[in-house]
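Just so you know, residue 1 is the first one in the sequence shown, and it goes up from there. In what follows, every heavy atom counts, from backbone to side chain, and hydrogens, waters and symmetry copies are set aside. Here the structure is a predicted model, which means the values were calculated and not measured.
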Amino acid sequence: MAEAKKFVHNDIDKIDLEEDFATMFEESLKSEEATVCDGVIVNIKDDEVYVDVRKKSEGVMSISEITDENGNLLFNIGDSIKVAVTGSRNGRPSVSHKKALRKEKVKAFIDNFNEDAENIFDVKIISKNKGGFVAVNDEGIEFFMPKSQSGFKDSNQAMNKSFKVKVIKIDKDDQSIIVSRKKLVDEDRKKRKEIVSAILENTDVIEGTIKKITTYGMFVDVGGIDGLVHYSEISYKGPVNPNTLYKEGDKVDVKIIKYDNEKKHLSLSIKAATPDPWDEIKDGLEVGDTIKVTVSNIEPYGAFVDLGNDIEGFLHISEISWDKNIKNPKEFIKENEELDVEVIEINPVSRRLRVSLKNLLPKPFDEFSSKFKEGDVVKGVVTTLTNFGAFVRVGGLEGLLHNEDSSWDRNDKCKDIFKAGDEVEVKIIKIDPKEQKISLSQKDLKASPAMEYAKSHSVGDIVNGTIRDIKDFGIFVSLDGNVDALIRKEDIGSLDIDSLKVGDSIEAAIAFIDEKKNRIRLSVKRLAKQKEREVLNEINDDDKMTLGDIIKEQLA
């Protein structure tokens with residue numbers, strides 16, 4: 001074996017030569033003699049063990065030195081035991097059995113040391129002092145690491161933690177093993193820098209190994225350095241869950257996209273290492289084309305569909321069915337289902353593709369128009385109630401039953417008459433192909449109040465009513481309590497409209513009856529004319545009688 005005080009590697013000259021490792025190691029022992037010798041246990045009292053070490057007085061050590069983890073004694077009075085004299089206390093030598101064992105292990109390590117080996121060990125920091133740190137490996141061998149060789153920014157954070165270290169010096173005379181963590185850190189940093197430089201110069205696709213998978217991406221080893229493949233850089237489809245596609249240990253082709261010198265972060269991309277599928281379809285796919293897709297994921301607002309070439313399109317919930325009341329896409333489609341859809345938007349620049357399923361389905365309005373016509377009386381189901389009316393489903397489409405078309409009573413509202421799910425009979429009063437709207441009526445199925453009123457009244461009849469409302473254009477009059485009639489302003493005649501008030505009785509003649517539209521018009525002016533005509537007729541009748549009499553008398 002080489003001379004004990006010789007450095008392990010030639011490059012140890014780089015270490016500060018002014019640093020006296022022996023002095024620092026002695027500092028770490030805190031002036032302990034650390035002499036190993038054979039002793040005999042002469043007494044065990046309370047928590048102290050007395051050992052004859054052939055000194056003027058027995059050495060003393062803690063009973064914990066000779067007990068196992070369960071508190072059982074490993075030695076008894078009269079047993080020989082190896083101890084290290086570590087100092088003195090109250091005039092007695094302080095001894096340690098464990099220290100003696102560590103010393104023996106250090107000695108055995110030094111005796112068998114091979115300077116040509118790698119000499120890198122995993123150690124745990126167990127104590128620190130002014131000079132540096134004391135560490136042990138799994139075999140209980142004790143090492144000393146000077147502060148300048150630790151590479152710690154905060155020495156307090158190092159206690160009781162494990163690190164890799166490299167032996168940089170051994171001293172057979174002092175029985176010390178000097179190690180360095182900083183040397184390994186510097187070597188690793190240099191090696192990493194060389195690897196990063198080589199990798200950054202490579203613009204080609206490189207193979208890596210997946211080391212760790214997280215929710216935000218994967219760490220991939222490329223030539224001894226780990227880079228992050230963010231979950232948005234895995235597929236051209238967009239962000240994906242890497243756990244569904246890969247497992248740790250898988251080989252993947254990647255491409256370098258960025259390196260952050262400050263943070264020492266390497267960013268990689270899997271999708272950049274593959275041909276861009278958008279380049280393949282941008283010239284071959286147009287709006288209006290029909291394509292076959294597979295439903296890959298369903299959300300409450302729509303579904304994502306896979307084109308089979310790493311491109312994903314979006315099928316919005318409003319494009320799934322002509323049914324406007326669809327609550328969830330799962331009512332109509334399921335995951336992994338194959339569908340024929342129509343392309344309704346394609347933008348290779350923003351990588352946006354939208355498709356429609358309903359555009360390839362028969363249009364409900366066309367089907368409705370082929371089955372029904374205006375004037376048909378049909379049955380439907382109330383689906384939605386609003387303040388202005390009710391929507392009624394008829395033959396797969398919804399038509400509007402407006403409040404004013406639900407009843408001849410102007411005070412009736414659909415929300416007060418019906419509830420969702422009610423089956424109702426309605427009449428189709430309008431089909432609007434341009435707006436694709438259907439208007440329904442229920443009052444058209446019933447006789448209007450004007451129609452009932454016309455059974456016992458006709459134009460010219462003189463009626464009495466009660467003023468219900470007064471407007472600028474005329475007066476609304478209630479007849480028989482449930483029939484409305486209107487006296488237009490120009491038909492009021494000589495009446496002073498300003499002197500009239502709601503609740504007054506008014507007499508007028510029936511001028512017009514529209515049974516279908518439930519309209520009745522009255523006229524005070526007509527009433528006055530009718531009365532004038534009657535008076536004239538009476539006068540004319542009286543005059544004719546008198547003149548006849550005169551003529552008869554003259555002819556007599």
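Using a 4.5 Å heavy-atom cutoff, the side chains of Leu266 and Val222 are in contact. Looking at Ile344 and Glu319, their side chains come closer than 4.5 Å, going by heavy atoms from C-beta outward. Residues Ile120 and Leu184 meet the side-chain proximity criterion, which asks for heavy atoms closer than 4.5 Å. Considering only heavy atoms from C-beta on, Arg352 comes within 4.5 Å of Glu345 through its side chain. Within the 4.5 Å cutoff, side-chain heavy atoms of Val377 are placed close to those of Glu425. Met159 places a side-chain heavy atom less than 4.5 Å from the side chain of Lys128. In this structure, Val179 and Gln149 have side chains that are not in contact, with every pair of non-hydrogen atoms separated by 4.5 Å or more. Using a 4.5 Å cut-off on side-chain heavy atoms (C-beta onward), Phe314 and Val305 make no contact.
Under the side chain to side chain donor-acceptor pair (under 3.5 Å) criterion, Lys379 pairs with no residue, sequence neighbours left out. Under the side chain to side chain donor-acceptor pair (under 3.5 Å) criterion, Lys489 pairs with no residue at all, not counting sequence neighbours. For Asp432, there are no salt bridge (charged side-chain N to carboxylate O under 4.0 Å, His left out) partners at least two apart in sequence or on another chain. Applying the side-chain contact (heavy atoms from CB on, under 4.5 Å) rule to Arg351 yields the partners Tyr236, Asp276, Trp278; only residues at least two apart in sequence or on another chain are considered. Residues meeting the salt bridge (charged side-chain N to carboxylate O under 4.0 Å, His left out) test with Lys327, sequence neighbours left out: none. The side chain to side chain donor-acceptor pair (under 3.5 Å) search around Lys153 returns none, not counting sequence neighbours. The salt bridge (charged side-chain N to carboxylate O under 4.0 Å, His left out) check on Arg519 picks up nothing, with sequence neighbours excluded. Listed by chain and residue number, Asn347 satisfy the side chain to side chain donor-acceptor pair (under 3.5 Å) test with Ser350 (two or more places apart in sequence, or in another chain). Shown here are the salt bridge (charged side-chain N to carboxylate O under 4.0 Å, His left out) partners of Lys419, two or more places apart in sequence or in another chain: Asp422.
Relative to the ring axis of Phe476, Arg468 places its NZ or CZ within 45° and under 6.0 Å from the centre.
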Please table the atom pairs, donor to acceptor, closer than 3.5 Å between any side-chain atom in residues 380-390 and protein atoms at least two apart or in another chain.
unit_1, atom_1, unit_2, atom_2, d
Thr383, OG1, Phe391, O, 3.1
Thr383, OG1, Glu398, OE2, 2.9
Thr386, OG1, Phe388, N, 3.2
Thr386, OG1, Gly389, N, 3.1
Thr386, OG1, Gly389, O, 3.1
Asn387, OD1, Lys415, NZ, 2.9

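Looking only at distances, a side-chain donor or acceptor of Ser296 sits under 3.5 Å from a matching main-chain atom of Phe304. With hydrogens and angles ignored, the 3.5 Å screen pairs a side-chain donor or acceptor of Asn114 with a backbone N or O of Asp116. Proximity of a side-chain donor or acceptor of Glu374 to a complementary backbone N or O of Ile431 within less than 3.5 Å is detected. No donor-acceptor pair closer than 3.5 Å links the side chain of Asn328 to the backbone N or O of Glu331. The backbone N or O of Ala108 sits less than 3.5 Å from a side-chain atom of Asn112, completing a donor-acceptor pair. Not one N or O on the side chain of Asp366 forms a donor-acceptor pair closer than 3.5 Å with the backbone of Lys363. The backbone N or O of Lys271 sits less than 3.5 Å from a side-chain atom of Thr274, completing a donor-acceptor pair. No side-chain donor-acceptor contact under 3.5 Å links Trp408 to the backbone of Asn518.
Sorted by first then second residue, the side chain to side chain donor-acceptor pair (under 3.5 Å) pairs that include residues 209-224, not counting sequence neighbours, are Thr209-Lys251. Legend: salt bridge (charged side-chain N to carboxylate O under 4.0 Å, His left out) pairs involving residues 437-447, not counting sequence neighbours: none detected.
For the residue pair Ser407 / Asp412, a side-chain donor-acceptor distance below 3.5 Å is found, with atom types taken as modelled.
Distance check, rounded to the nearest 0.5 Å: CD1 of Ile429 to CG of Leu440 gives 7.0 Å. The line from CZ of Phe143 to CZ of Arg102 is 12.5 Å long, rounded to the nearest 0.5 Å. The CG atom of Leu315 lies 7.0 Å from the OG atom of Ser356; values are rounded to the nearest 0.5 Å. Within the model, atoms CE of Met451 and CD1 of Ile513 stand 11.5 Å from one another, a figure rounded to the nearest 0.5 Å. If you take NZ on Lys427 and CG on Leu445, they are separated by 7.0 Å, rounding to the nearest 0.5 Å. Atom CD1 of Ile438 sits about 3.5 Å away from atom CZ of Phe368, to the nearest 0.5 Å.
A salt bridge links Asp186 with Arg189: at least one charged nitrogen is closer than 4.0 Å to a carboxylate oxygen.
Centroid-to-centroid, the aromatic rings of Phe152 and Phe133 come within less than 6.0 Å.
Evaluated for a salt bridge (Lys or Arg N to Asp or Glu O under 4.0 Å) with Glu187, the options Lys190, Lys183, Lys191 yield exactly one hit, Lys183.
Closest approach of Val165 to Met145, counting heavy atoms only: CG1-SD, 4.1 Å.
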Derivation of the salt bridge (Lys or Arg N to Asp or Glu O under 4.0 Å) call for Lys373 and Asp376: CA-CA 6 Å; Lys373 60 182 183 300; Asp376 285 353; 3.2 Å; yes

